[in-house]
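Below, chains carry the letters A, B, ... as their sequence lines are ordered, and counting in each starts from 1.
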Protein chains: 2
Amino acid sequence: MYPYLFNPPDPTDLRHMQQALEVARAGEGHTAPNPAVGCVLAHGDMVVGQGFHPRAGAPHAEVFALEQAGAAARGATAYVTLEPCSHFGRTPPCADALIRAGVARVVMAALDPDPRVAGRGAARLQEAGIRVEVGLLEAQALRQQAGFRTRVTLGRPRVTFKYAMTLDGKVAALSGDSRWVSSPASRERVHRLRARLGAVAVGSGTVLADDPRLSARLPGEPERALRPVIFDRRGRTPAAAQALRSEAVVISAPEADLSHLEASAATLLRAGSLEEALGGLGALGFNDLLLEGGPTLAAAFLEAGLIDEVQVAIAPKLLGAGLSPLSGPLRARMSEALELPEPRWETVGPDLWVSADLSAVPAVKLSALLGQP
Amino acid sequence: MYPYLFNPPDPTDLRHMQQALEVARAGEGHTAPNPAVGCVLAHGDMVVGQGFHPRAGAPHAEVFALEQAGAAARGATAYVTLEPCSHFGRTPPCADALIRAGVARVVMAALDPDPRVAGRGAARLQEAGIRVEVGLLEAQALRQQAGFRTRVTLGRPRVTFKYAMTLDGKVAALSGDSRWVSSPASRERVHRLRARLGAVAVGSGTVLADDPRLSARLPGEPERALRPVIFDRRGRTPAAAQALRSEAVVISAPEADLSHLEASAATLLRAGSLEEALGGLGALGFNDLLLEGGPTLAAAFLEAGLIDEVQVAIAPKLLGAGLSPLSGPLRARMSEALELPEPRWETVGPDLWVSADLSAVPAVKLSALLGQP
């Protein structure tokens, strides 16, 4: 097992790995508790097979690519966005499938942080005489697998806090009206984000005020149901709420009266703290959670250090009096504000989007596996 | 008198006019009630004289350029950022000086909106047989003269509302502490803006809390006193406030008790409304006013439609609970927010700056003077 050997990367390798990452995207938002993974099999420039992991329980990306390639897999290079598994889960180990098919070389974007794999998949391939290289386009792969890596490493979903505010920092009028802060182009981006992350969290206040469907609606695509998570400490969610589908989770305090929800299709989760709540969601297989407010819930997440990423749309308009994206925590001094490292700025229609990672995506260091310093 | 004749502009003309605009910058913030103006005299590529208007009462830009050129002014082209004056003010008309010096051609960036000039300067030059063209780099000139043009046209200074906020829309902690929201690079930009506009407005709350010096402090330059304007409806400004210099103006309600300020060097102005207050500042010769808060004062300006431009620094950090840049006006619906046309985004150090004009800079249309449609 080696770090990826070419610097700068070989253009053919680069193109195939980019394609594997692109192919993987079709699974984004559908694969939890697994990550989205893509695989491309090629002889030099010629692609002979490709596949992605479509959903948990379905075969892995490598299996689809190998099926498509058939006998052409022999002597090919496999480009995989994640280390092939070496253990029996719901499906047999992909490392074995690659060995059986006679693949000559495997290039991986990133190692699997799952302790059942974590280098063992790569080692198994190498023991079978396959040339193995790791780390091509790793940053992009870590980003695509960020939620999965957080759940496997920390036992909880990765939390992305998203809001849209005016240039004077308001997410809604004092009446609560927020239609619309941002442009149609920004709202489409929100729905893409929802679809990619697959799960949306709101407070019970939002459910009571808006009864949202919590779905992803994209032009030219059928409406897609997400996994709604309702943070509802006191059990205020009405039994008739649109979000109470079978995929939904309602999280309440241990003492809350939830008798009116017991007949609903949703999963009822009791938790004494946000940490416990997120641990519960991790156990339920949530890789990601898109936190869409309100200000009090978001403040509690921030206070608990449980926001991993922010995505903010800033609309070039001034509202005046209104509601803030964060109503806490309380910090006495400006110097105590939480600095966002390496923010990314981009315009979307008339709006500006700012995004930043508050926590690094967990990675497996190849040097650690090789016993290097 | 013609619109500038070359399209695209002649490169030599363009370079000289750019230089005239650049030269004019040395006067920015010092010339009120006059605008900053620059003049370049050239024969083809060769510059034979240049000048700027340094402060009210001093000679105009053309005079310095003509002095420098001496006999070389004969037959030269004059590039002026503003139409030369045709009337006796504190100095004799510049149009006459250009005629006497034997200048052959005058290229102006923009006509003077002052009703005592407004085309008469250009007409006077033309009657003397000088070729006159108008409109080269007009947009840049209008921007440089924005405050002067607002005062001459509307009788009040141009108001630029500036604030620095966190990514969650807070300008200070709840304690009032705001050191510092933005980066050193952004704070330097604020001081450049202060120096360029020459006058800073704050509410009495800010004076009471911070006792600011309201000066421009730039690296490598001596600290520069600005004209402080204190909006102090109830007369709460302490007599010992640092801002109460001879150039300062305190604006209070007609009924406020200002007896403790009567011995101060500041000008005391009574006004029953913001409109009246700004009219008073216009009469005192203020071209510009940099509004630096607080949230209630800014809200009153916004409500009255008296904000002409916004300059916002957004720092990539999350504070939580805190103070908003605008605590009003009250709008029931998000759709009533004030949209900013054509916002400009740029990064300054780690921060993002957004600026936009809420009102167009008053211009004099050449077509109107020529009787064209």
Side-chain angles (χ1 to χ4, degrees), chain A residues 161 163-182 295 298-299 302-303 307 310 312 314-347 350-352 354-356 358, chain B residues 161 163-182 295 298-299 302-303 307 310 312 314-347 350-352 354-356 358:
Chain A
F161 176 35
Y163 56 95
M165 70 176 195
T166 60
L167 188 57
D168 58 321
K170 310 295 160 51
V171 296
L174 284 181
S175 66
D177 179 59
S178 61
R179 293 195 178 162
W180 296 106
V181 176
S182 62
L302 185 66
E303 179 82 318
I307 293 177
V310 291
V312 184
I314 304 172
K317 54 177 77 164
L318 298 174
L319 178 68
L323 302 179
S324 161
L326 278 172
S327 61
L330 201 61
R331 300 189 218 263
R333 311 217 67 86
M334 182 55 72
S335 55
E336 295 164 36
L338 184 66
E339 307 252 0
L340 305 180
E342 299 175 36
R344 302 174 287 272
W345 314 99
E346 69 189 287
T347 53
D351 306 323
L352 185 92
V354 186
S355 57
L358 277 71
Chain B
F161 176 35
Y163 56 95
M165 70 175 195
T166 60
L167 189 56
D168 58 321
K170 308 297 159 47
V171 295
L174 284 181
S175 66
D177 179 60
S178 60
R179 293 199 179 156
W180 294 105
V181 177
S182 62
L302 185 66
E303 179 82 320
I307 293 178
V310 291
V312 184
I314 304 172
K317 54 177 76 163
L318 298 174
L319 177 68
L323 301 180
S324 161
L326 278 172
S327 61
L330 201 61
R331 300 188 217 264
R333 312 217 67 86
M334 182 55 71
S335 56
E336 295 164 35
L338 184 66
E339 308 253 357
L340 305 180
E342 299 175 37
R344 303 174 287 273
W345 315 98
E346 70 189 285
T347 53
D351 306 323
L352 186 92
V354 185
S355 57
L358 277 70

Would you say the side-chain atoms of [X] pair up with the backbone N or O of [Y], donor to acceptor, closer than 3.5 Å?
X	Y	answer
A:Asp168	B:Pro325	no
B:Ser175	B:Asp177	yes
B:Lys170	A:Gly169	no
A:Arg331	A:Ala337	no

Using heavy-atom distances under 4.5 Å, tell me whether [X] contacts chain A through its side chain, its backbone, both, or neither.
X	answer
B:Val181	both
B:Pro350	backbone
B:Ile307	neither

**OP:** Identify which of B:Ala298, B:Ser324, B:Ala299 forms the greatest number of heavy-atom pairs closer than 4.5 Å to chain A.
**Re:** B:Ser324
Region of [X] that comes under 4.5 Å of a non-hydrogen atom in chain B:
X	answer
A:Pro343	side chain
A:Ala332	backbone
A:Leu302	side chain

Original post:
Applying salt bridge (Lys or Arg N to Asp or Glu O under 4.0 Å), which residue pairs with at least one partner in residues 318-328 of chain B are found, sequence neighbours left out?
Top reply: none
**OP:** Could you list the residues that satisfy side-chain contact (heavy atoms from CB on, under 4.5 Å) with A:Leu340, not counting sequence neighbours?
**Re:** A:Val310, A:Ala356, A:Leu358, B:Leu167, B:Pro316, B:Leu318
**OP:** Sort out for me which of A:Met165, A:Glu342, A:Lys317 touches chain B most, counting heavy-atom pairs under 4.5 Å.
**Re:** A:Lys317
